[in-house]
Visitor: 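Provided herewith is a single structure, encoded as structure tokens, for subsequent inquiry.
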Amino acid sequence: MTIHIGAEPGQIAETVLMPGDPLRAKWAAETFLEDAEQVNNTRGMLGFTGTYKGNRVSIQGSGMGMPSFSIYANELIRDFGAKTLIRIGSCGGMQDSVSVRDVIIAMTASSVSTPSSTIFREFNFAPCADWALLRAAVAAAESRDVTTHVGGIYSSDTFYDERPDLNEQMTRHGILGVEMEAAELYNLAARYGIRGLAIVTVSDHLLTGEALPADQRERSFGDMVEIALEAAFA
Ligand code: HPA
């Protein structure tokens with residue numbers, strides 16, 4: 001047991017999918033895993049362990065934003081021995097070529113700051129995905145009926161942004177979408193030598209103002225979960 005995860009040693013798999021929303025973790029575990037068992041409910045941040053095609057896998061909520069994500073990822077890696085972390089989340093589209101419902105597989109994650117900024121200081125580290133996982137996710141996405149983009153995303157510290165100029169510069173530099181967790185995942189994966197990948201579904205669009213209704217969010221989310229599971233065990 002750790003401060004934020006009440007599971008016993010061995011109750012969490014080496015491969016962990018991490019949605020922001022704990023209820024998404026429950027839905028994904030019940031929908032896609034066999035023999036799913038709840039292993040955490042500390043602070044309501046639900047976590048489950050089960051199997052996918054015979055492979056042991058956990059799905060643990062991360063909460064919103066990099067500080068929350070970082071707490072769960074640190075404990076999963078350092079205390080529970082996680083070797084593969086895949087974020088499954090949502091993002092806001094930032095390019096005309098990206099539409100709501102599309103899936104983005106994040107090659108890199110830019111940011112203004114992350115919880116790791118205190119150790120990087122003046123150094124602009126380039127947080128990037130694990131190549132083998134990224135390649136496997138792209139292959140899994142290509143065999144599905146879902147529009148997929150591969151490229152850079154932006155991990156923001158704010159949802160209600162008072163600096164629209166930052167979003168404009170990200171769009172100008174080809175960033176596909178904005179979310180709030182991936183950069184710290186890639187920082188931690190690099191630091192601890194584990195595999196990290198962020199896959200996100202476009203739930204709203206900064207340029208068009210469009211937003212996906214709740215009922216349609218689920219189907220797109222399902223495609224992303226299956227892409228993540230196929231990539232993890234490719
Ligand atoms: N901004 C930040 N995070 C997000 C967004 C957004 O527009 N949509 C989904 N996650």
Side-chain angles (χ1 to χ4, degrees), residues 17-25 27-28 45-46 59-73 85-117 127 129 137 141 146-188 196-225 227-228:
L17 270 49
M18 300 183 71
D21 179 353
L23 292 179
R24 288 280 168 173
W27 174 81
M45 198 57 76
L46 301 172
I59 306 182
Q60 170 64 53
S62 71
M64 291 177 282
M66 288 183 270
S68 179
F69 180 92
S70 190
I71 288 170
Y72 293 100
L85 295 184
I86 304 179
R87 161 159 163 73
I88 45 172
S90 61
C91 79
M94 298 186 90
Q95 298 291 331
D96 289 326
S97 57
V98 168
S99 306
V100 292
R101 291 185 204 80
D102 289 0
V103 167
I104 297 173
I105 302 174
M107 201 150 58
T108 63
S110 298
S111 67
V112 173
S113 74
T114 72
S116 299
S117 298
V146 57
T147 305
T148 306
H149 309 264
V150 184
I153 62 171
Y154 166 34
S155 299
S156 173
D157 280 335
T158 50
F159 188 90
Y160 297 105
D161 208 338
E162 302 285 346
R163 285 279 309 273
D165 56 311
L166 289 176
N167 290 338
E168 281 164 23
Q169 288 302 337
M170 292 290 168
T171 296
R172 184 176 170 221
H173 288 84
I175 293 297
L176 299 171
V178 53
E179 51 83 79
M180 301 182 68
E181 293 82 14
E184 182 65 357
L185 166 60
Y186 291 176
N187 288 336
L188 292 171
L197 179 66
I199 309 174
V200 285
T201 299
V202 182
S203 61
D204 54 88
H205 207 292
L206 272 63
L207 304 182
T208 65
E210 198 185 346
L212 204 56
D215 57 329
Q216 294 186 28
R217 232 175 268 171
E218 198 148 284
R219 228 214 87 210
S220 314
F221 199 86
D223 281 320
M224 175 176 58
V225 177
I227 291 167

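Numbering of residues begins at 1 and proceeds along the displayed sequence. Numbering of ligands and ligand atoms starts at 1, following listing order.
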Visitor: Please report which non-hydrogen protein atom sits nearest to atom 2 (C) of ligand 1, along with the residue it belongs to and the distance in Å to one decimal place.
Guide: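 Among all protein heavy atoms, the one nearest atom 2 (C) of ligand 1 is F159 CD1, 3.7 Å.
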Visitor: Quick one: does S203 get within less than 4.0 Å of ligand 1, heavy atoms only?
Guide: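 Heavy atoms of S203 do come under 4.0 Å of ligand 1.
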Visitor: Does an N or O anywhere in G92 fall below 3.5 Å from an N or O of ligand 1?
Guide: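 Yes - when backbone and side-chain N and O of G92 are compared with those of ligand 1, one distance drops under 3.5 Å.
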Visitor: So is R24 actually on top of F221's ring, under 6.0 Å and inside 45° of the axis?
Guide: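 Pair R24/F221 counts as cation-pi.
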Visitor: Can Q95 and T171 be counted as having a side-chain donor-acceptor contact under 3.5 angstrom?
Guide: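 There is no such pair (donor and acceptor under 3.5 Å, judged by atom type) between the side chains of Q95 and T171.
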Visitor: So which of V103, T147, V98 actually passes side chain to side chain contact (heavy atoms under 4.5 Å, CB included) with V202?
Guide: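 Only match with V202 under side chain to side chain contact (heavy atoms under 4.5 Å, CB included): V98.
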Visitor: Which protein heavy atom lies closest to atom 4 (C) of ligand 1, and at what distance to 0.1 Å?
Guide: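 Nearest protein contact, heavy atoms only, for atom 4 (C) of ligand 1 is V178 O, 3.5 Å.
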Visitor: Give a yes-or-no answer on whether the side chains of S116 and E184 include a donor-acceptor pair shorter than 3.5 Å.
Guide: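 Indeed, the side chains of S116 and E184 share at least one donor-acceptor pair under 3.5 Å.
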Visitor: Determine, stepwise, if the pair D161 / R163 fulfils salt bridge (charged side-chain N to carboxylate O under 4.0 Å, His left out).
Guide: CA-CA 6 Å; D161 208 338; R163 285 279 309 273; over 6 Å; no
Visitor: Measure the distance from atom 7 (O) of ligand 1 to every protein heavy atom, then report the residue, atom name and distance (to 0.1 Å) of the closest one.
Guide: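 Going by distance alone, atom 7 (O) of ligand 1 is nearest to D204 OD1, 3.1 Å.
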Visitor: Going by the order shown, which atoms of ligand 1 are within less than 4.0 Å of some heavy atom of L206?
Guide: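 Within the 4.0 Å cut-off of L206, ligand 1 contributes 7 (O).
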Visitor: For atom 10 (N) of ligand 1, what's the nearest protein heavy atom and its distance?
Guide: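 Residue, atom and distance for the closest contact: S90 O, 3.6 Å.
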Visitor: Do the side-chain N and O atoms of T201 and D102 include a donor-acceptor pair separated by under 3.5 angstrom?
Guide: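 Result is no, nothing qualifies.
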Visitor: Check for me whether V200 has a heavy atom closer than 4.0 Å to any atom of ligand 1.
Guide: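 Under 4.0 Å: no for V200.
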